[in-house]
Structure formats: structure tokens, C-alpha cells
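Step one of this worksheet: look at the structure below.
Just the heavy atoms: all of them, side chains too, but no hydrogens, waters or symmetry mates, feed the values below. One-based numbering, in listed order, for ligands and for the atoms of each.
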Amino acid sequence: MPDTTRPAGVRHRSSILVTGATGNLGREVVDRLQAHGARVRSLARHRTDPRPGVESVVGDLTDPTVVRAALVGIDSVFLIWPLLDSAPAHDLIAELTAAAPRVVYLSSTAVDDQAARQSDPIVQVHADMEALLHDAGLRPAVLRSDTLASNVRGWAAQLRADDVVSGPDVTRTAVVDERDVADAAVAVLLAHHDQLDDEPYALTGPEVLGRADQVALLGAALRRRLRFQALPTGLARSRMLADGRPERLVEALIAASVCRPESNRTTDHVERLTGRPAGTFAKWAIDHAAEFS
Ligand SMILES: NC(=O)c1ccc[n+]([C@@H]2O[C@H](COP(=O)([O-])OP(=O)(O)OC[C@H]3O[C@@H](n4cnc5c(N)ncnc54)[C@H](OP(=O)(O)O)[C@@H]3O)[C@@H](O)[C@H]2O)c1
């Protein structure tokens, strides 16, 4: 794997479009790109970006007019695809093909290159997006991320009320700090093309954790005795629907809970891209403890 730990810096003040820029990961990517002196344009649906110096485009990734405007003058795109279906991506792919920026796509470590069909809809959409980008000749740099540590922000409301986190159990994976994924993404966005692998990078944390492990580590950071309660599928489904989550998302989350195979894989790809080993979930929990009180 080539050395990108000393990024070329911003050679000609690159203009970079960050999609999902108001999300857990996108926010971190924007901050780092700005710190590196890149010109940053953010795209999200609901909010303009309040950060000084960030140009905002508000609109939907499925709207070709929005995407066309967002791509004007852009050298590179940090692309996420937060939908559960790749079919609405065809217009986006056409706009990317016409504008021909460099594309860095954020995929999932759960993608199995040997499988005809992926384990569940969330993984399938990432495999489909990778294929669409390749087939369009965009030669994307693909970053496959493990489960982001920041997902546990979804537990904050439960933890303000109780010492129990309940929900569907999921397979154990090497949960990765979204700040490491952002650092890796920025290294790739700012690297020379010939410094990068053609193969996807697999970004993992240093240790394989289940939900109960994460809850216990969060408890240690909060100095509380917390526990995870795995809900049976039917109850998990009805609670998520009662919380107002869309039915299709609920079914995709249930399928991920039931069908996704366990992964014991950890890699050194964060370190290879950033020059630092991936951080632990325990550190993430300490750094973010205030968000849960
Ligand atoms: N979370 C994980 O464990 C994980 C693992 C592997 C890969 N990924 C990928 O990483 C992506 C980002 O994760 P995250 O945790 O940062 O997500 P997040 O916090 O939910 O943020 C999602 C972002 O996408 C924007 N967005 C959603 N739908 C959009 C649409 N139709 N058009 C334009 N923007 C839209 C949201 O903006 P608004 O709020 O304005 O809608 C927000 O900025 C995921 O969508 C997924 O594809 C995630």
C-alpha cells in the first residue's frame, strides 16, 4: 500500500464537495479539510453549514439540478449514499460522469466481494454504488468503513432516562472512530492519485466489539453501571416503528441484525493512511461522555 501519511497538502487549493456534511462523519471531514486549507462546499438536505468559509448547497442527492450546481468548479467529491436503494443514484452518477471530479466513496466493510447478493439491504446498496461508480468509469477511491462509533449517539435519550440500552443485537465488528475515518478520507482526498491503491481500503477500529461491550465501555467513561438488553426481533421492530422510524429503514435494520455475519477483521488501513493507529472505542467514549449526561 503506498504511503499517504504525508499528504501532498493542498497543491492548488483543491475545491472539495463533501456530501452528508452535517452528519456525524461529514462534519469531521469538513473540519479537517478546512484545517488543510482546502476550499470546501458542503451538501446536505436540511441545514446550511454554519462554519465560516464553508460554502453550502442545500438539497437532495437524488436531485440532478442540485448535484449539477454543487459540482461546478469542484475537483474532488467525498461521496456518501445514505439511501436504502441505489436506483435513485442514476442521475447523480450521470452528473458525476459529466463533471468528472475525483470521487472518494464511503462504503461498508461488510461488502463481500465474493457474494452474488450481500447479507442485507444496507450492505447491498454499498456494493451496488461501488459497482455503479466503477461501471461509469469514475475510478472511485473506495473507503469501506466498519461500524462508526458515533452510531451510539442514538442511545443518548435512553441513557438520560435509564441505565439500560435496549435494541436489536447486531453482530460484533471492529467499531471505528469516525474521526479516524475522516482523517483517512482527508488523506485520500488530498493524496496524489498514484499514491493510492486501486483496491478498497478497509477502515476498522483496533478491536472487535459487540453492543454489550460498547455499552459497558460507555458506562466506564460515564462512571455508571450500564447494560445492554437485546430485544427479540418482533419487539425491536415494533419499538422502532413506534419511535417513528420509516418502515423500510426498520426492515433494513432488522435484516442487518439478523443476517449480517460476524466479522473478526481488523486492519491497519487507518494507520497506513493517517500515520496513526486507529483509536479505541473506550477513548471515543471518554471524549464524548458529556453528550450522554
Ligand atoms: N454509520 C455507520 O456505521 C456507517 C458505516 C459504513 C458506512 N456508512 C455510510 O456513511 C454515511 C454517513 O454516516 P453518518 O453516520 O455520518 O450519517 P448521519 O449522521 O446520519 O448523516 C447523514 C448525512 O447525509 C445527509 N443526507 C441524508 N439523506 C440525504 C439526501 N437524500 N440528500 C442529501 N443529503 C442527505 C444528512 O443531511 P440532512 O440531515 O440534512 O438530511 C446528513 O448530513 C452513511 O449514510 C452510510 O452510507 C455509515
Next item on the list: Could you find the nearest protein heavy atom to atom 21 (O) of ligand 1 and give me its residue, atom name and distance?
Entry: G23 CA, 3.2 Å

Next item on the list: Provide the number and element of each atom of ligand 1 under 4.0 Å from a heavy atom of D146.
Entry: 5 (C)

Notebook entry, point to check: Quick one: which ligand 1 atoms are inside 4.0 Å of a heavy atom on N151?
Noted result: 1 (N), 2 (C), 3 (O)

Check: With the threshold set at 4.0 Å, does a side-chain nitrogen-carboxylate oxygen contact exist between R179 and D31?
Finding: no

Item checked: L25: numbered ligand 1 atoms lying under 4.0 Å from its heavy atoms -> 16 (O)

Checklist line | Protein residue, atom and distance nearest to atom 26 (N) of ligand 1, heavy-atom basis | finding: P82 CG, 3.8 Å

Next item on the list: Check the pair V208, R265 against side chain to side chain contact (heavy atoms under 4.5 Å, CB included), reporting the backbone distance first and the verdict last.
Entry: CA-CA 8 Å; V208 176; R265 185 178 182 209; over 6 Å; no

Notebook entry, point to check: What's the shortest distance from atom 42 (C) of ligand 1 to any protein heavy atom, and which residue and atom give it?
Noted result: T22 OG1, 3.5 Å

Next item on the list: For the pair D75 (side chain) and P101 (backbone), establish whether a donor and an acceptor sit closer than 3.5 Å, ignoring hydrogens and angles.
Entry: no

Notebook entry, point to check: Would you say atom 45 (O) of ligand 1 touches the protein, meaning some protein heavy atom is under 4.0 Å from it?
Noted result: yes

Item checked: Nearest non-hydrogen protein atom, atom 12 (C) of ligand 1 -> I80 CD1, 3.9 Å

Check: Which atoms of ligand 1 sit under 4.0 Å from any heavy atom of T147?
Finding: 3 (O)

Notebook entry, point to check: Can you tell me how far CD of Q229 sits from CG of L235, rounded to the nearest 0.5 angstrom?
Noted result: 8.0 Å

Note to self: Tell me the contacting part of A21 for ligand 1: side chain, backbone, both, or neither, using a 4.0 Å heavy-atom threshold, strictly below.
What the structure shows: backbone

Check: Which one of V29, L203, L61, L106 has a non-hydrogen atom at the shortest distance from atom 33 (C) of ligand 1?
Finding: L61

Check: Have W155 and Q214 got a donor and an acceptor in their side chains that come within less than 3.5 Å?
Finding: no

Notebook entry, point to check: Under 4.0 Å from any heavy atom of L83, which atoms of ligand 1 are there?
Noted result: 31 (N)

Note to self: For atom 38 (P) of ligand 1, what's the nearest protein heavy-atom neighbour? Residue, atom name and distance, please.
What the structure shows: H46 ND1, 3.5 Å

Notebook entry, point to check: Does the side chain of D162 come under 3.5 Å of the side chain of Q158 through a donor N or O and an acceptor N or O?
Noted result: no

Next item on the list: Could you tell me whether atom 16 (O) of ligand 1 has a protein heavy atom closer than 4.0 Å?
Entry: yes

Item checked: Donor-acceptor pair, side chain of H269 and main chain of L203, under 3.5 angstrom -> no

Notebook entry, point to check: Considering only heavy atoms, which of V123, L148, L92, T109 lies nearest to atom 2 (C) of ligand 1?
Noted result: L148

Check: Which atom pair, heavy atoms only, marks the closest approach of G26 to V18?
Finding: O-CG1, 4.0 Å

Next item on the list: Measure across K283 and T280 and return the closest heavy-atom pair with its distance rounded to 0.1 Å.
Entry: N-OG1, 3.1 Å

Next item on the list: Tell me which part of T62 gets within contact of ligand 1: side chain, backbone, both or neither, using heavy atoms under 4.0 Å.
Entry: neither

Notebook entry, point to check: Applying a 4.0 Å heavy-atom criterion (strictly less than), which segment of T19 is in contact with ligand 1: side chain, backbone, both, or neither?
Noted result: neither

Notebook entry, point to check: Which is closest to atom 47 (O) of ligand 1 in terms of heavy atoms, R45, H126, R47?
Noted result: H126

Notebook entry, point to check: Which word best sums up how the rings of Y105 and H126 line up, parallel for under 30°, tilted for 30 to 60°, or perpendicular for over 60°?
Noted result: tilted

Checklist line | Numbered atoms and elements of ligand 1 in range of S145, under 4.0 angstrom, heavy atoms | finding: 6 (C)

Check: Does T173 offer a backbone N or O that forms a donor-acceptor pair with the side chain of S263 under 3.5 Å?
Finding: no

Check: Which atoms of ligand 1 sit under 4.0 Å from any heavy atom of W81?
Finding: 47 (O)

Item checked: Sole residue of L71, I16, V104 in side-chain contact (heavy atoms from CB on, under 4.5 Å) with V77 -> L71

Note to self: Would the distance check show the side chain of D63 and the main-chain N or O of D60 forming a donor-acceptor pair, the cut-off being under 3.5 Å?
What the structure shows: no

Margin query: Among S108, S107, P88, A110, which one puts a heavy atom closest to atom 7 (C) of ligand 1?
Written below: S107

Notebook entry, point to check: In the protein, what heavy atom is nearest to atom 31 (N) of ligand 1, and what distance, to one decimal place, separates them?
Noted result: D60 OD1, 3.0 Å

Item checked: Residue, atom name and distance, where the atom is the protein heavy atom closest to atom 25 (C) of ligand 1 -> G20 CA, 3.8 Å

Checklist line | Distance from atom 19 (O) of ligand 1 to nearest protein heavy atom, with residue and atom | finding: N24 N, 2.9 Å

Check: Do we see a donor-acceptor contact under 3.5 Å between the side chains of S56 and R47?
Finding: no

